[in-house]
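Presented below is the structure to which this report refers.
Order of the sequence lines fixes the chain letters, A, B, ..., with proteins taken first and strands second; residue numbering starts at 1 for each chain.
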Amino acid sequence: MKSIEDIYFLLLKRYGSQGWWPFVNHKATNPTKHGKVDGYHPRDYSFPVNGFQRFEIITGAILTQNTTWTSVEEALLNLHKLCAFCPRLMSDMNEEKIRQAIKPVGYYNKKTQYLKNVAEFLLPIKNRVPTRAELLKVKGIGPETADCIMLYAFKELHFIVDSYTRRIFSHQGIIKGNESYKKIQELFELSLPKNLIVYQEYHALLNEHAKHYYRKKPYEDPILNSH
DNA sequence: AACCAGGACGTGA
DNA sequence: TCACGTCATGGT
């Protein structure tokens, strides 16, 4: 059976550097991937370069809950026009404006409140890095969103467990799939080197791979199942 | 025309 | 803890 580390290198070899987390307010040098925005930055791990990009990641992490990224891009472009990528302005912004801006992502009533919640949470935080536990107290941030924020916005070592992760590794027989979030996260964190690039790339690679082969059942995985 | 998408919350067992 | 309904738009 392939190990978690084996699978990382297989996916990296197959798909290459993914350049996550994507931005809409960033002039990219690489060709467009999924959406119409050149927001990916493969082999460049210097992001976020400022607080605006950090808050864009946090905003995107909330908006993308149970939604496609192409919809999130639309919403992020709308928010960018409103200069909403900063906690102060997001906190002060009219709720109806936010609601309109993020409409394409769905759940816009909930997510409007969630964005307000994170913004208000971040205001007194200032330059300090929040803890995962603090993020989880914010209504609208669950375990996966918290880890996305920690890993991509604050460059802290937290492995992200999403539905694709469960799908791929249960199909590979490495997990059952219904284990708790924490248990799966521990498995990955014990199996991988404590390296930011590995964590960031692995999550993005799993997403990319799942989009190819784990959308509809029965799953057929020619990459990981070839021998 | 169901079904899913880069989940989380509230409720009741 | 855990299973379930709810939130909502857009693409297949």
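Listed by residue number, the members of residues 152-165 of chain A with any heavy atom below 4.0 angstrom from DNA chain B are A/Ser163, A/Tyr164.
At the heavy-atom level, A/Leu206 lies nowhere under 4.0 Å from the strands shown.
Taking 4.0 Å as the cut-off between side-chain N and carboxylate O, A/Arg88 and A/Glu120 do not count as a salt-bridged pair.
We find that CD of A/Glu73 is positioned 18 Å from P of B/dA5, with the value rounded to whole Å. Distance, A/Gln65 CD to B/dG6 C1': 10 Å, rounded to whole Å. Rounded to an integer number of Å, the gap from NZ of A/Lys216 to C1' of B/dA5 is 14 Å. Rounded to whole Å, the distance from CE on A/Met150 to P on B/dG6 is 24 Å. Atom pair A/Glu144:CD and B/dA5:C1' shows a separation of 12 Å (rounding to whole Å applied). The CG atom of A/Asn207 sits 14 Å away from the C1' atom of B/dG7 (whole-angstrom rounding). As rounded to whole Å, 17 Å separates atom P of B/dG7 from atom CG of A/Leu135. For the pair A/Lys217 NZ and B/dC3 P, the computed distance is 12 Å after rounding to whole Å.
Atom name P, nucleotides C/dG5 and B/dC4: the rounded distance is 15 Å, in whole Å. For the P atom pair drawn from C/dT6 and B/dG6, the interatomic distance equals 24 Å after rounding to whole Å. For the P atoms, the distance from C/dG10 to B/dA8 is 22 Å, rounded to whole Å.
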Residue pair A/Thr67, A/Thr64: steps toward the side chain to side chain donor-acceptor pair (under 3.5 Å) verdict: CA-CA 5 Å; A/Thr67 322; A/Thr64 197; 5.9 Å; no
Check against side chain to side chain donor-acceptor pair (under 3.5 Å), A/Asp147 and A/Gln185: CA-CA 10 Å; A/Asp147 287 329; A/Gln185 184 179 45; 3.0 Å; yes
Stepwise ring pair (Phe, Tyr, Trp, His ring centres under 6.0 Å) check, A/Phe47 with A/Tyr152: CA-CA 8 Å; A/Phe47 299 94; A/Tyr152 290 107; over 10 Å; no
Derivation and outcome, salt bridge (Lys or Arg N to Asp or Glu O under 4.0 Å), residues A/Glu134 and A/Arg128: CA-CA 12 Å; A/Glu134 286 175 327; A/Arg128 181 171 68 79; 3.2 Å; yes
Contact letters for nucleotides 7-12 of chain C, in which S counts primed atoms plus P, OP1 and OP2 and B counts the base, heavy atoms under 4.0 Å: BBSS--
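Considering only the side chain of A/Lys139, B/dC9 comes nearest among B/dG6, B/dG7, B/dC9.
Closest approach of A/Ala61 and A/Ile149 over heavy atoms only: CB-CG1, 4.1 Å.
The side chain of A/Arg215 contributes an N or O atom lying less than 4.0 Å from OP1 or OP2 of B/dG6. For A/Arg167, a side-chain nitrogen or oxygen approaches OP1 or OP2 of B/dA5 to under 4.0 Å.
Listed by chain and number, the residues in a side-chain contact (heavy atoms from CB on, under 4.5 Å) with A/Tyr108 are A/Arg99, A/Ile102, A/Lys103 (sequence neighbours excluded).
Stacking between A/Trp20 and the base of B/dG6 is present: ring centres sit under 5.5 Å apart and the planes differ by under 30 degrees.
Summarising the local packing, NZ of A/Lys139 is surrounded by 12 or fewer heavy atoms from other residues, nucleotides or ligands at distances under 6.0 Å. The number of heavy-atom neighbours closer than 6.0 Å to CZ of A/Phe52, taken from other residues, nucleotides and ligands shown, is 12 or below.
Taking the nucleotide of DNA chain B with the nearest heavy atom to each of A/Gly140 and A/Cys148, the more 5' of the two is matched to A/Cys148.
A/Tyr199 and A/His158 form no side-chain donor-acceptor contact under 3.5 Å, judged by distance and modelled atom types alone.
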